[in-house]
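Predicted model, so just to flag it, every value in this text is computed and none were measured.
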Amino acid sequence: MSLITLRNRFASQPQRAALIDYAGLARGMRILWNPAAGPVDLVTGRSWAAGGNASIVPAQNGKVFSFDGADDYYAYTGYPELTGNVGTFFMWCPTVGGPDTYGHCPFGASSPNAFAYQVYPDLRVAIGSNGASSGTLSSWFNTKSRSIVFVSGGTAATCKVFLDGKEAGLTWTSSPVAWGAGNKNFNLGRYVGGNLWEFDGTILIAGFADSVWGAAESRAFHENPWQLFKASARKLWPADTGPGLSGVAAIQANRGSTGEIAQHHTLAVAGLTQAGGASTGKIEQDQILAGASLAQSNLGSAAGVTRGIALAGALVAPARTLSTGKVSQAHMLSMGALAQGKILPGGAITQTHILIEAGLAQSNAGDALPISIGSGTLVGTPSMQANAGGTGVITQIHILSATFCIQINKASAEAISDGVVIESALFSQPAEATYIKKPGIPVGTPPWLKTMLEILTGRRGNRIALPAFRALTFSAPPTRAECEALYAYINSVRDSLEQLISRMDG
(Lines give C-alpha, C1' and ligand atoms only; values in the text may rest on other atoms or scores of the structure.)
Protein backbone atom coordinates (compact mmCIF):
# COMPACT_ATOMS: atom_id res chain seq x y z
CA MET A 1 0.00 0.00 0.00
CA SER A 2 1.55 3.30 -1.06
CA LEU A 3 1.95 6.07 1.51
CA ILE A 4 2.05 9.72 0.51
CA THR A 5 3.44 12.38 2.85
CA LEU A 6 2.01 15.88 2.31
CA ARG A 7 4.35 18.54 3.65
CA ASN A 8 3.12 21.83 5.12
CA ARG A 9 -0.55 20.83 4.84
CA PHE A 10 -1.63 21.71 8.40
CA ALA A 11 -4.34 24.34 8.01
CA SER A 12 -5.37 24.38 11.68
CA GLN A 13 -3.89 23.68 15.09
CA PRO A 14 -2.90 20.01 15.65
CA GLN A 15 -4.86 18.76 18.65
CA ARG A 16 -2.06 16.37 19.64
CA ALA A 17 1.71 16.07 19.73
CA ALA A 18 2.10 16.05 15.94
CA LEU A 19 5.41 15.22 14.25
CA ILE A 20 7.82 18.15 14.03
CA ASP A 21 9.11 18.96 10.54
CA TYR A 22 12.82 19.07 11.32
CA ALA A 23 13.63 19.07 7.58
CA GLY A 24 11.48 22.15 6.92
CA LEU A 25 10.59 25.26 8.90
CA ALA A 26 11.38 23.52 12.23
CA ARG A 27 15.00 22.68 11.42
CA GLY A 28 17.22 23.14 14.49
CA MET A 29 14.18 23.17 16.81
CA ARG A 30 15.16 22.86 20.51
CA ILE A 31 11.95 23.94 22.33
CA LEU A 32 8.39 23.97 20.89
CA TRP A 33 5.04 24.57 22.62
CA ASN A 34 1.60 23.81 21.17
CA PRO A 35 -1.02 24.61 23.88
CA ALA A 36 -3.41 22.03 22.38
CA ALA A 37 -0.94 19.35 23.55
CA GLY A 38 -0.53 20.95 27.01
CA PRO A 39 2.38 22.81 28.66
CA VAL A 40 4.86 20.30 27.24
CA ASP A 41 8.01 20.91 25.22
CA LEU A 42 7.26 18.72 22.18
CA VAL A 43 10.97 18.44 21.28
CA THR A 44 12.21 16.93 24.57
CA GLY A 45 8.93 15.88 26.26
CA ARG A 46 9.65 18.04 29.33
CA SER A 47 6.52 19.24 31.15
CA TRP A 48 6.56 22.88 32.33
CA ALA A 49 4.86 23.92 35.59
CA ALA A 50 2.23 26.70 35.60
CA GLY A 51 2.53 29.65 37.99
CA GLY A 52 0.08 32.43 38.92
CA ASN A 53 -3.05 32.45 36.76
CA ALA A 54 -1.35 31.00 33.66
CA SER A 55 -3.69 28.53 31.96
CA ILE A 56 -4.69 26.94 28.67
CA VAL A 57 -8.02 28.22 27.32
CA PRO A 58 -9.92 27.79 24.02
CA ALA A 59 -9.78 30.67 21.55
CA GLN A 60 -10.87 31.41 17.99
CA ASN A 61 -7.71 29.96 16.41
CA GLY A 62 -7.34 27.02 18.84
CA LYS A 63 -6.19 26.50 22.41
CA VAL A 64 -3.80 29.17 23.75
CA PHE A 65 -1.59 29.96 26.74
CA SER A 66 -3.33 32.78 28.64
CA PHE A 67 -1.43 35.36 30.73
CA ASP A 68 -3.23 38.24 32.50
CA GLY A 69 -0.06 40.32 33.04
CA ALA A 70 -0.02 39.79 36.83
CA ASP A 71 2.89 37.39 37.44
CA ASP A 72 1.65 34.48 35.26
CA TYR A 73 4.20 32.09 33.77
CA TYR A 74 5.24 28.53 32.87
CA ALA A 75 8.57 27.47 34.44
CA TYR A 76 11.23 24.77 34.04
CA THR A 77 14.77 24.40 35.42
CA GLY A 78 17.09 22.42 33.17
CA TYR A 79 18.16 22.40 29.50
CA PRO A 80 21.93 22.11 30.08
CA GLU A 81 22.30 21.29 26.38
CA LEU A 82 21.46 24.88 25.35
CA THR A 83 24.62 26.99 25.08
CA GLY A 84 25.90 29.93 23.06
CA ASN A 85 24.13 33.06 21.84
CA VAL A 86 22.95 32.01 18.37
CA GLY A 87 19.29 31.13 17.81
CA THR A 88 15.71 32.23 17.12
CA PHE A 89 12.79 32.73 19.53
CA PHE A 90 9.35 33.03 17.93
CA MET A 91 5.71 33.25 19.04
CA TRP A 92 2.29 33.83 17.46
CA CYS A 93 -0.16 35.83 19.64
CA PRO A 94 -3.91 36.04 18.94
CA THR A 95 -4.07 38.92 21.48
CA VAL A 96 -1.48 41.31 22.94
CA GLY A 97 -2.38 43.39 25.99
CA GLY A 98 -0.92 46.52 27.55
CA PRO A 99 2.68 46.83 28.76
CA ASP A 100 3.92 46.21 32.29
CA THR A 101 6.42 48.55 34.00
CA TYR A 102 9.23 47.37 31.73
CA GLY A 103 7.07 46.27 28.81
CA HIS A 104 6.79 42.60 27.83
CA CYS A 105 9.39 39.88 28.44
CA PRO A 106 7.79 36.74 26.97
CA PHE A 107 10.77 34.36 27.49
CA GLY A 108 13.94 34.46 29.55
CA ALA A 109 16.27 32.94 32.14
CA SER A 110 17.78 34.41 35.32
CA SER A 111 20.63 31.91 35.76
CA PRO A 112 23.40 31.06 35.16
CA ASN A 113 23.29 34.26 33.03
CA ALA A 114 20.54 36.85 32.63
CA PHE A 115 19.03 36.18 29.20
CA ALA A 116 15.73 37.59 28.00
CA TYR A 117 13.75 38.74 24.95
CA GLN A 118 12.08 42.05 25.79
CA VAL A 119 9.83 44.67 24.16
CA TYR A 120 10.15 47.97 26.08
CA PRO A 121 7.10 50.21 26.71
CA ASP A 122 8.49 52.66 24.11
CA LEU A 123 8.68 49.73 21.58
CA ARG A 124 12.46 49.35 21.62
CA VAL A 125 13.64 45.71 21.68
CA ALA A 126 16.35 43.71 23.52
CA ILE A 127 17.60 40.30 22.33
CA GLY A 128 19.40 38.17 24.90
CA SER A 129 19.66 41.07 27.34
CA ASN A 130 21.90 42.96 24.90
CA GLY A 131 20.40 46.40 25.61
CA ALA A 132 17.66 48.32 23.81
CA SER A 133 17.66 48.75 20.05
CA SER A 134 18.33 52.07 18.34
CA GLY A 135 14.94 51.93 16.57
CA THR A 136 11.42 50.93 17.62
CA LEU A 137 8.66 48.59 16.44
CA SER A 138 5.81 50.06 14.47
CA SER A 139 3.32 48.68 17.04
CA TRP A 140 2.89 45.82 19.52
CA PHE A 141 0.80 46.53 22.62
CA ASN A 142 -3.03 46.29 22.64
CA THR A 143 -3.23 44.58 19.23
CA LYS A 144 -4.46 41.27 17.79
CA SER A 145 -3.15 38.52 15.48
CA ARG A 146 0.55 39.30 15.84
CA SER A 147 3.70 37.26 15.30
CA ILE A 148 7.17 38.28 16.45
CA VAL A 149 10.52 36.60 15.73
CA PHE A 150 13.72 37.46 17.65
CA VAL A 151 16.85 36.40 15.70
CA SER A 152 20.41 36.30 17.10
CA GLY A 153 23.35 35.49 14.86
CA GLY A 154 25.78 35.94 17.76
CA THR A 155 26.77 39.56 17.10
CA ALA A 156 25.06 42.95 17.26
CA ALA A 157 25.18 43.21 13.46
CA THR A 158 23.41 39.86 12.96
CA CYS A 159 20.50 40.52 15.35
CA LYS A 160 17.09 41.07 13.75
CA VAL A 161 13.40 41.29 14.69
CA PHE A 162 10.59 40.30 12.31
CA LEU A 163 7.13 41.65 13.16
CA ASP A 164 4.20 39.93 11.36
CA GLY A 165 6.67 38.34 8.90
CA LYS A 166 8.42 41.63 7.99
CA GLU A 167 11.81 42.84 9.19
CA ALA A 168 11.47 45.73 11.65
CA GLY A 169 14.76 47.41 10.64
CA LEU A 170 16.16 47.67 14.19
CA THR A 171 19.88 47.85 15.05
CA TRP A 172 21.91 47.17 18.20
CA THR A 173 25.31 48.21 19.53
CA SER A 174 26.05 45.17 21.75
CA SER A 175 26.02 41.40 21.18
CA PRO A 176 23.51 39.07 22.89
CA VAL A 177 24.46 37.33 26.13
CA ALA A 178 25.09 33.57 25.90
CA TRP A 179 22.83 31.07 27.69
CA GLY A 180 25.68 29.83 29.88
CA ALA A 181 26.65 26.31 30.92
CA GLY A 182 24.53 24.07 33.17
CA ASN A 183 20.81 24.22 34.00
CA LYS A 184 18.79 27.33 33.20
CA ASN A 185 15.95 28.76 35.28
CA PHE A 186 13.48 29.36 32.42
CA ASN A 187 10.15 31.22 32.40
CA LEU A 188 7.66 31.55 29.53
CA GLY A 189 5.48 34.66 30.04
CA ARG A 190 7.82 36.77 32.18
CA TYR A 191 11.40 37.43 33.24
CA VAL A 192 12.36 35.13 36.13
CA GLY A 193 12.39 36.66 39.60
CA GLY A 194 10.49 39.85 38.95
CA ASN A 195 6.92 41.13 38.54
CA LEU A 196 7.62 44.14 36.29
CA TRP A 197 8.22 42.40 32.95
CA GLU A 198 5.12 40.15 32.61
CA PHE A 199 3.61 39.38 29.22
CA ASP A 200 -0.08 40.26 28.90
CA GLY A 201 -2.05 38.36 26.23
CA THR A 202 -2.35 34.89 24.67
CA ILE A 203 0.18 32.69 22.87
CA LEU A 204 -0.99 30.26 20.17
CA ILE A 205 2.44 28.71 19.53
CA ALA A 206 6.02 29.52 20.58
CA GLY A 207 9.48 27.98 20.55
CA PHE A 208 13.23 28.33 20.25
CA ALA A 209 15.54 27.01 17.48
CA ASP A 210 19.33 27.13 17.26
CA SER A 211 19.03 27.99 13.55
CA VAL A 212 18.94 31.58 12.29
CA TRP A 213 15.65 32.53 10.59
CA GLY A 214 15.40 35.01 7.76
CA ALA A 215 12.63 36.86 5.97
CA ALA A 216 11.26 33.74 4.23
CA GLU A 217 10.97 31.68 7.42
CA SER A 218 9.43 34.56 9.40
CA ARG A 219 6.87 35.27 6.68
CA ALA A 220 5.94 31.57 6.40
CA PHE A 221 5.57 31.35 10.20
CA HIS A 222 3.27 34.37 10.29
CA GLU A 223 1.07 33.12 7.43
CA ASN A 224 0.77 29.56 8.75
CA PRO A 225 2.61 28.68 12.00
CA TRP A 226 1.51 25.04 11.71
CA GLN A 227 4.14 24.55 8.99
CA LEU A 228 6.41 23.73 11.93
CA PHE A 229 4.68 20.34 12.00
CA LYS A 230 4.82 17.52 9.47
CA ALA A 231 1.58 16.04 8.16
CA SER A 232 1.30 12.28 8.68
CA ALA A 233 1.43 9.93 5.69
CA ARG A 234 -1.83 9.05 3.95
CA LYS A 235 -2.76 5.85 2.11
CA LEU A 236 -3.23 6.33 -1.61
CA TRP A 237 -5.97 3.67 -1.80
CA PRO A 238 -8.34 2.16 0.78
CA ALA A 239 -7.02 -0.98 2.41
CA ASP A 240 -9.41 -3.38 0.60
CA THR A 241 -8.71 -2.45 -3.04
CA GLY A 242 -5.87 -4.93 -3.50
CA PRO A 243 -2.84 -3.42 -5.25
CA GLY A 244 0.25 -2.73 -3.16
CA LEU A 245 3.01 -0.36 -4.26
CA SER A 246 6.27 0.44 -2.54
CA GLY A 247 9.77 1.41 -3.48
CA VAL A 248 11.29 -1.92 -2.41
CA ALA A 249 9.30 -4.72 -4.06
CA ALA A 250 6.08 -5.31 -6.00
CA ILE A 251 3.72 -8.22 -5.36
CA GLN A 252 0.64 -8.87 -7.47
CA ALA A 253 -1.80 -11.75 -7.18
CA ASN A 254 -4.32 -12.68 -9.93
CA ARG A 255 -6.85 -15.44 -9.46
CA GLY A 256 -9.30 -16.81 -12.02
CA SER A 257 -12.58 -18.63 -11.48
CA THR A 258 -12.90 -22.24 -10.28
CA GLY A 259 -11.10 -24.68 -12.57
CA GLU A 260 -8.95 -22.03 -14.22
CA ILE A 261 -5.27 -21.31 -13.72
CA ALA A 262 -4.05 -19.32 -10.69
CA GLN A 263 -0.77 -17.45 -10.96
CA HIS A 264 1.31 -15.74 -8.29
CA HIS A 265 4.24 -13.56 -9.30
CA THR A 266 6.88 -12.28 -6.89
CA LEU A 267 9.48 -9.82 -8.18
CA ALA A 268 12.76 -9.18 -6.38
CA VAL A 269 16.26 -8.05 -7.29
CA ALA A 270 17.86 -11.37 -6.29
CA GLY A 271 15.90 -13.74 -8.56
CA LEU A 272 12.54 -14.65 -10.09
CA THR A 273 10.20 -17.33 -8.76
CA GLN A 274 6.95 -18.40 -10.43
CA ALA A 275 4.45 -21.00 -9.29
CA GLY A 276 1.53 -22.08 -11.48
CA GLY A 277 -1.13 -24.49 -10.33
CA ALA A 278 -3.71 -26.06 -12.68
CA SER A 279 -6.87 -28.01 -11.89
CA THR A 280 -6.97 -31.82 -11.54
CA GLY A 281 -5.57 -33.58 -14.59
CA LYS A 282 -3.70 -30.49 -15.78
CA ILE A 283 0.04 -29.89 -15.69
CA GLU A 284 1.61 -28.18 -12.66
CA GLN A 285 4.96 -26.43 -13.05
CA ASP A 286 7.36 -24.86 -10.56
CA GLN A 287 10.12 -22.77 -12.15
CA ILE A 288 13.08 -21.29 -10.33
CA LEU A 289 15.49 -19.02 -12.23
CA ALA A 290 18.99 -18.35 -10.95
CA GLY A 291 22.41 -17.62 -12.39
CA ALA A 292 23.98 -20.74 -10.85
CA SER A 293 21.76 -23.60 -11.97
CA LEU A 294 18.42 -24.44 -13.61
CA ALA A 295 15.94 -26.96 -12.22
CA GLN A 296 12.58 -27.94 -13.72
CA SER A 297 10.01 -30.45 -12.53
CA ASN A 298 6.85 -31.55 -14.40
CA LEU A 299 4.19 -33.59 -12.65
CA GLY A 300 1.34 -35.18 -14.61
CA SER A 301 -1.84 -36.84 -13.38
CA ALA A 302 -1.92 -40.24 -11.59
CA ALA A 303 0.03 -42.95 -13.49
CA GLY A 304 1.78 -40.22 -15.42
CA VAL A 305 5.47 -39.56 -16.02
CA THR A 306 7.87 -38.12 -13.44
CA ARG A 307 11.13 -36.74 -14.79
CA GLY A 308 13.96 -34.89 -13.05
CA ILE A 309 16.84 -33.16 -14.84
CA ALA A 310 19.88 -31.75 -13.05
CA LEU A 311 22.53 -29.81 -14.98
CA ALA A 312 26.00 -29.24 -13.53
CA GLY A 313 29.55 -28.83 -14.83
CA ALA A 314 30.86 -31.93 -13.13
CA LEU A 315 28.20 -34.62 -13.50
CA VAL A 316 24.74 -35.02 -15.06
CA ALA A 317 22.64 -38.02 -14.08
CA PRO A 318 19.06 -38.12 -15.41
CA ALA A 319 16.79 -40.89 -14.15
CA ARG A 320 13.54 -42.14 -15.74
CA THR A 321 11.21 -44.50 -13.90
CA LEU A 322 7.87 -45.87 -15.17
CA SER A 323 5.17 -47.73 -13.31
CA THR A 324 5.20 -51.53 -12.78
CA GLY A 325 5.70 -53.39 -16.02
CA LYS A 326 7.09 -50.36 -17.83
CA VAL A 327 10.68 -49.50 -18.76
CA SER A 328 13.12 -48.04 -16.21
CA GLN A 329 16.20 -46.24 -17.52
CA ALA A 330 19.07 -44.41 -15.89
CA HIS A 331 21.67 -42.33 -17.75
CA MET A 332 25.05 -41.29 -16.40
CA LEU A 333 26.83 -38.40 -18.15
CA SER A 334 30.50 -37.46 -17.74
CA MET A 335 32.75 -34.74 -19.11
CA GLY A 336 34.10 -36.77 -22.08
CA ALA A 337 32.28 -38.26 -25.05
CA LEU A 338 29.80 -40.88 -23.88
CA ALA A 339 28.16 -43.70 -25.83
CA GLN A 340 25.63 -45.87 -24.06
CA GLY A 341 23.80 -48.90 -25.33
CA LYS A 342 20.93 -50.50 -23.51
CA ILE A 343 19.40 -53.85 -24.52
CA LEU A 344 15.98 -54.74 -23.22
CA PRO A 345 14.75 -58.34 -22.86
CA GLY A 346 12.44 -60.20 -25.34
CA GLY A 347 11.89 -58.01 -28.39
CA ALA A 348 13.37 -55.07 -26.56
CA ILE A 349 14.66 -51.76 -27.90
CA THR A 350 18.32 -50.90 -28.25
CA GLN A 351 19.25 -47.24 -27.74
CA THR A 352 22.51 -45.45 -28.25
CA HIS A 353 23.13 -41.91 -26.91
CA ILE A 354 25.99 -39.69 -28.00
CA LEU A 355 26.67 -36.51 -26.01
CA ILE A 356 28.54 -33.54 -27.44
CA GLU A 357 28.95 -29.88 -26.41
CA ALA A 358 27.01 -28.38 -29.33
CA GLY A 359 23.53 -27.91 -27.90
CA LEU A 360 20.78 -29.46 -25.83
CA ALA A 361 17.45 -30.45 -27.36
CA GLN A 362 15.11 -32.94 -25.78
CA SER A 363 11.72 -34.09 -26.99
CA ASN A 364 9.27 -36.19 -25.00
CA ALA A 365 6.05 -37.49 -26.54
CA GLY A 366 3.57 -39.48 -24.47
CA ASP A 367 0.03 -40.86 -24.70
CA ALA A 368 -1.57 -44.17 -23.68
CA LEU A 369 1.39 -46.20 -25.15
CA PRO A 370 4.80 -46.66 -23.49
CA ILE A 371 7.28 -43.80 -23.71
CA SER A 372 9.92 -43.72 -26.42
CA ILE A 373 13.03 -41.59 -26.12
CA GLY A 374 14.73 -40.24 -29.20
CA SER A 375 18.18 -38.75 -29.35
CA GLY A 376 19.35 -35.86 -27.24
CA THR A 377 22.32 -33.53 -27.12
CA LEU A 378 23.33 -31.41 -24.14
CA VAL A 379 24.98 -27.99 -24.19
CA GLY A 380 25.08 -24.79 -22.16
CA THR A 381 22.99 -22.81 -24.72
CA PRO A 382 19.23 -22.19 -24.33
CA SER A 383 17.02 -25.23 -23.68
CA MET A 384 13.66 -25.89 -25.36
CA GLN A 385 11.17 -28.43 -24.15
CA ALA A 386 7.81 -29.48 -25.59
CA ASN A 387 5.31 -31.79 -23.91
CA ALA A 388 2.46 -33.25 -25.95
CA GLY A 389 -0.47 -35.08 -24.32
CA GLY A 390 -3.58 -36.74 -25.72
CA THR A 391 -6.93 -35.06 -26.18
CA GLY A 392 -6.86 -31.51 -24.85
CA VAL A 393 -3.13 -31.18 -25.52
CA ILE A 394 -1.09 -28.63 -23.59
CA THR A 395 2.07 -27.33 -25.25
CA GLN A 396 4.60 -25.33 -23.30
CA ILE A 397 7.78 -23.69 -24.52
CA HIS A 398 10.32 -22.30 -22.06
CA ILE A 399 13.30 -20.19 -23.01
CA LEU A 400 15.82 -19.51 -20.23
CA SER A 401 18.49 -16.85 -20.42
CA ALA A 402 20.60 -14.89 -17.97
CA THR A 403 18.96 -11.56 -18.84
CA PHE A 404 15.22 -12.24 -19.02
CA CYS A 405 12.63 -15.01 -18.95
CA ILE A 406 9.89 -15.50 -21.58
CA GLN A 407 7.09 -17.97 -21.03
CA ILE A 408 4.28 -18.89 -23.44
CA ASN A 409 1.41 -21.00 -22.09
CA LYS A 410 -1.30 -22.38 -24.35
CA ALA A 411 -4.29 -24.29 -23.05
CA SER A 412 -7.33 -25.75 -24.76
CA ALA A 413 -10.85 -24.69 -23.81
CA GLU A 414 -9.64 -22.48 -20.93
CA ALA A 415 -8.07 -19.03 -20.96
CA ILE A 416 -4.92 -18.08 -19.07
CA SER A 417 -4.30 -14.68 -17.52
CA ASP A 418 -0.69 -13.53 -17.55
CA GLY A 419 -1.25 -11.58 -14.32
CA VAL A 420 -0.29 -8.21 -15.76
CA VAL A 421 -2.60 -5.20 -15.50
CA ILE A 422 -1.49 -1.89 -16.95
CA GLU A 423 -3.37 1.29 -16.19
CA SER A 424 -3.97 3.22 -19.38
CA ALA A 425 -3.18 6.42 -17.52
CA LEU A 426 0.41 5.23 -17.03
CA PHE A 427 1.31 5.15 -20.71
CA SER A 428 -1.17 7.57 -22.30
CA GLN A 429 0.21 11.01 -23.08
CA PRO A 430 -1.25 13.73 -20.87
CA ALA A 431 -3.52 16.16 -22.60
CA GLU A 432 -1.79 19.30 -23.71
CA ALA A 433 -2.86 22.30 -21.68
CA THR A 434 -4.31 25.06 -23.78
CA TYR A 435 -3.74 28.70 -23.07
CA ILE A 436 -6.66 30.35 -21.33
CA LYS A 437 -6.84 34.08 -21.08
CA LYS A 438 -7.09 35.24 -17.47
CA PRO A 439 -10.77 36.13 -16.96
CA GLY A 440 -12.09 39.07 -15.10
CA ILE A 441 -14.06 38.79 -11.89
CA PRO A 442 -17.78 38.56 -12.71
CA VAL A 443 -20.09 41.31 -11.60
CA GLY A 444 -22.01 40.39 -8.49
CA THR A 445 -19.21 38.27 -6.99
CA PRO A 446 -19.44 38.31 -3.16
CA PRO A 447 -16.93 40.74 -1.60
CA TRP A 448 -15.06 38.02 0.33
CA LEU A 449 -14.61 35.91 -2.83
CA LYS A 450 -13.63 38.96 -4.89
CA THR A 451 -10.98 39.90 -2.30
CA MET A 452 -9.60 36.35 -2.24
CA LEU A 453 -9.39 36.19 -6.05
CA GLU A 454 -7.67 39.56 -6.20
CA ILE A 455 -5.09 38.44 -3.63
CA LEU A 456 -4.38 35.18 -5.48
CA THR A 457 -4.13 36.88 -8.89
CA GLY A 458 -2.04 39.79 -7.62
CA ARG A 459 -4.59 42.51 -8.40
CA ARG A 460 -4.33 44.17 -5.00
CA GLY A 461 -0.84 45.53 -5.48
CA ASN A 462 0.72 42.29 -4.28
CA ARG A 463 2.09 40.89 -7.50
CA ILE A 464 5.07 38.60 -7.10
CA ALA A 465 7.69 39.19 -9.79
CA LEU A 466 11.04 37.51 -10.34
CA PRO A 467 14.07 39.82 -10.25
CA ALA A 468 15.27 40.99 -13.64
CA PHE A 469 18.07 39.04 -15.29
CA ARG A 470 21.52 40.21 -14.27
CA ALA A 471 24.67 39.55 -16.24
CA LEU A 472 27.28 38.60 -13.66
CA THR A 473 30.98 38.45 -14.45
CA PHE A 474 33.74 36.95 -12.37
CA SER A 475 37.43 37.49 -12.09
CA ALA A 476 39.96 34.69 -11.77
CA PRO A 477 39.80 34.12 -8.88
CA PRO A 478 36.40 35.77 -8.10
CA THR A 479 36.42 38.69 -5.71
CA ARG A 480 34.32 38.87 -2.57
CA ALA A 481 32.12 41.59 -4.07
CA GLU A 482 31.38 39.41 -7.12
CA CYS A 483 30.45 36.45 -4.90
CA GLU A 484 28.23 38.63 -2.70
CA ALA A 485 26.46 39.96 -5.82
CA LEU A 486 25.80 36.37 -6.94
CA TYR A 487 24.46 35.36 -3.50
CA ALA A 488 22.25 38.47 -3.34
CA TYR A 489 20.75 37.71 -6.77
CA ILE A 490 20.12 34.04 -5.88
CA ASN A 491 18.50 35.04 -2.57
CA SER A 492 16.20 37.53 -4.34
CA VAL A 493 15.06 34.83 -6.80
CA ARG A 494 14.56 32.34 -3.94
CA ASP A 495 12.60 34.90 -1.94
CA SER A 496 10.21 35.54 -4.85
CA LEU A 497 9.72 31.81 -5.38
CA GLU A 498 9.04 31.21 -1.70
CA GLN A 499 6.48 34.03 -1.67
CA LEU A 500 4.65 32.38 -4.56
CA ILE A 501 4.78 28.91 -2.94
CA SER A 502 3.69 30.29 0.43
CA ARG A 503 0.74 32.16 -1.12
CA MET A 504 -0.52 29.17 -3.11
CA ASP A 505 0.17 26.67 -0.33
CA GLY A 506 -1.54 28.78 2.33
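For residues 164-191, the set of pairs meeting the ring-ring contact (aromatic ring centres under 6.0 Å, His included) definition, not counting sequence neighbours, comprises Y79-F186, F107-F186, F115-W179, W179-F186, W179-F208, Y191-W197. Residues in residues 147-166 take part in these ring-ring contact (aromatic ring centres under 6.0 Å, His included) pairs, two or more places apart or across chains: Y117-F150.
Using a 4.5 Å heavy-atom cutoff, the side chains of P106 and F89 are in contact. With contacts defined as side-chain heavy-atom distances shorter than 4.5 Å, the pair N85/V177 does not qualify.
Of the possible donor and acceptor atoms, one in the side chain of D41 sits under 3.5 Å from a partner among the backbone N and O of L32. Side chain of N187 to backbone of R190: no donor-acceptor contact under 3.5 angstrom is found. Of the possible polar contacts, one joining the S133 side chain to the V125 backbone as a donor-acceptor pair under 3.5 Å is found. No donor-acceptor pair closer than 3.5 Å links the side chain of D21 to the backbone N or O of A26. Put simply, the side chain of Q227 gets close to the backbone of A220: a donor and an acceptor are under 3.5 Å apart. Looking at T143, its side chain never comes within 3.5 Å of a backbone N or O of V96 through a donor-acceptor pair. Of the possible donor and acceptor atoms, none in the side chain of K160 sits under 3.5 Å from a partner among the backbone N and O of G153. Between the side chain of T158 and the backbone N or O of T155, at least one donor-acceptor pair lies under 3.5 Å. The backbone N or O of A216 lies less than 3.5 Å from no partner atom in the side chain of Q499, so there is not a single donor-acceptor pair.
In the model, T95 has a side-chain atom that pairs as donor or acceptor with a side-chain atom of T202 under 3.5 Å.
Remark: D100 pairs with E198 by the side-chain contact (heavy atoms from CB on, under 4.5 Å) rule, at least two apart or across chains. Applying the side-chain contact (heavy atoms from CB on, under 4.5 Å) criterion to P478, with sequence neighbours excluded, gives F474, E482, C483. The side-chain contact (heavy atoms from CB on, under 4.5 Å) test applied to T445 returns I441, P442, L449, K450, not counting sequence neighbours. Residues meeting the side-chain contact (heavy atoms from CB on, under 4.5 Å) test with V493, sequence neighbours left out: L466, P467, Y489.
Electrostatic pairing of R124 and D122 counts as a salt bridge here, judged by a charged N lying under 4.0 Å from a carboxylate O.
Aromatic pair W213/F221: centroids less than 6.0 angstrom apart.
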